[in-house]
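Convention: sequence-line order gives letters A, B, ...; per-chain numbering from 1.
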2 protein chains.
Amino acid sequence: MARRRGDTREQIREVALKLFAEQGYEKTSLREIAERLGVTKAALYYHFKTKEDIVTSLFDDFKTEVDELFAWAREQSVTPEMRREFIRRYAEIIQGTGGTLMRFMQENGPAVRHLKAGDDMRKRFQALADVLVDKDASLPDQIRARLSIFSLHMTLFIRDAIDADDEAVQAAALEVALDLLPTG
Amino acid sequence: MARRRGDTREQIREVALKLFAEQGYEKTSLREIAERLGVTKAALYYHFKTKEDIVTSLFDDFKTEVDELFAWAREQSVTPEMRREFIRRYAEIIQGTGGTLMRFMQENGPAVRHLKAGDDMRKRFQALADVLVDKDASLPDQIRARLSIFSLHMTLFIRDAIDADDEAVQAAALEVALDLLPTG
DNA sequence: GTCTATAGCTCGATAGAC
DNA sequence: GTCTATCGAGCTATAGAC
């Protein structure tokens, strides 16, 4: 099956995300990504200026989705039920590609930390927490709000530790996440 | 101040852990560790056979402490209060060096994953969860038990996100961790 | 858009002097 | 126990042909 025009860039992103998440950012070389696609390193550089640019491109899509969620949140008044719906929508976002990206981010802290794209994401995590909990809430509630988000992220790299199918684990994680919200 | 005899090995461990946690395992070169100590790379190789050996050595101390905790746990009968005490003792272990090591482990998943020392640690995390929750407990309770441990680990890289001093955050994290245990 | 070829660098690790 | 010197390998990135 021949590669369709315009497909290569998207395939680079797919393969890169998969390898970055599995093996880590540093341990995944452009040579390896190129080999999986049956092209050379130089071909990658036609589509992306640097290795970091690939990561930036991956985060951009995700940021768009999260920013749409924030836009929705700004139209609502803050209530417990609104917060619950906010978490549900965030859980939707991290299904599929978004989840793999979050796994990559969680497991590659030091590598991601000094990328500009990583900094943007950290600001958004802070913003997520700010929606879920009042700024003057108790310290335990502050922590619970962050654990709520992490509960959803966690399901992505816990597959082997818990003996159940992915959908059941995700549903359970959502339940836990909702329980962790203030005035549950 | 001259270096005391026998100190070098310990200093290598200290500097390595600090840099591994801050910058990541892959991004920290032996050259950089050596430079901070005012020695050469070759000197490091007198004390440790490989880079991985440094990590192994760091984990070994931690594993000893955790295994002592398991030994204590085996002498107890499993009750809610015993589980609470178990968490309190674990929180003690991850004060100081142990905590930095856990931060390193959490943030360097892909790098640590294929080290033997990392595999040993993952088994122990599973064992921690097995103490905290019954094997046939509900899926949400399984997840909560793991979040309980993560709540303690989390305080180590959340410093900037929450505006409070470290001790207060740690105390709050312990409170949250205890609340997450089954039949709280 | 993709190729070959390579520059330029850093890394982990070793050999052997002191 | 620490040094100098170096090896071989792998990396990101670029130049230039097709």
Could you note down all residue pairs passing salt bridge (charged side-chain N to carboxylate O under 4.0 Å, His left out) where residues 32-48 of chain A supplies at least one of them, sequence neighbours left out? A:Arg31-A:Glu35

Below 4.0 Å: OP1/OP2 of D:dT2 and any side-chain N or O of B:Thr8: yes

A:Tyr46 OH to D:dA13 C1': how many Å, rounded? 18 Å

So, A:Arg113 and B:Glu22, do they make that salt bridge, N to O below 4.0 Å? no

Can the positive tip of A:Lys27 be found less than 6.0 Å from the middle of the six-membered ring of B:Tyr25, inside 45° of the ring normal? no

Please report the distance, rounded to the nearest Å, between CG in B:Asp53 and P in C:dG12. 14 Å

How close or far is atom P of C:dT14 from atom NZ of B:Lys51, stated in whole angstroms? 15 Å

Can you sort out which residues in residues 25-35 of chain B have a heavy atom within less than 4.0 Å of DNA chain C? Ascending by number, please. B:Thr28, B:Ser29, B:Leu30, B:Arg31

How close or far is atom C1' of C:dG12 from atom CD1 of B:Ile54, stated in whole angstroms? 11 Å

With the side chain of B:Ala43 defined as its heavy atoms from C-beta on, choose the nearest nucleotide among C:dT2, D:dG1, D:dC3. D:dC3

Give a yes or no on whether a salt bridge exists between B:Arg9 and B:Glu14, defined as a side-chain N under 4.0 angstrom from a carboxylate O. no

Using a cut-off of strictly less than 4.0 Å, decide whether A:Tyr45 has a side-chain nitrogen or oxygen near OP1 or OP2 of D:dA13. yes

Does A:Arg144 pair with A:Asp179 as a salt bridge, N-O distance under 4.0 Å? no

Using 4.0 Å as the upper bound for N to carboxylate O, is an ion pair formed by A:Arg83 and A:Asp134? yes

Would you mind reading off the distance between B:Phe48 atom CZ and D:dG1 atom C1', rounded to a whole angstrom? 14 Å

When you get a sec, tell me which of D:dT2, D:dT12, C:dA13 is the closest nucleotide to the side chain of B:His47? D:dT2

OP1 or OP2 of D:dT2 sitting under 4.0 Å from any side-chain N/O of B:Thr40? no

Nearest whole angstrom, please: distance from the C1' of C:dA15 to the CG of B:Leu44. 17 Å

Under 3.5 Å donor-acceptor, B:Lys49 side chain and B:Ile54 backbone: no

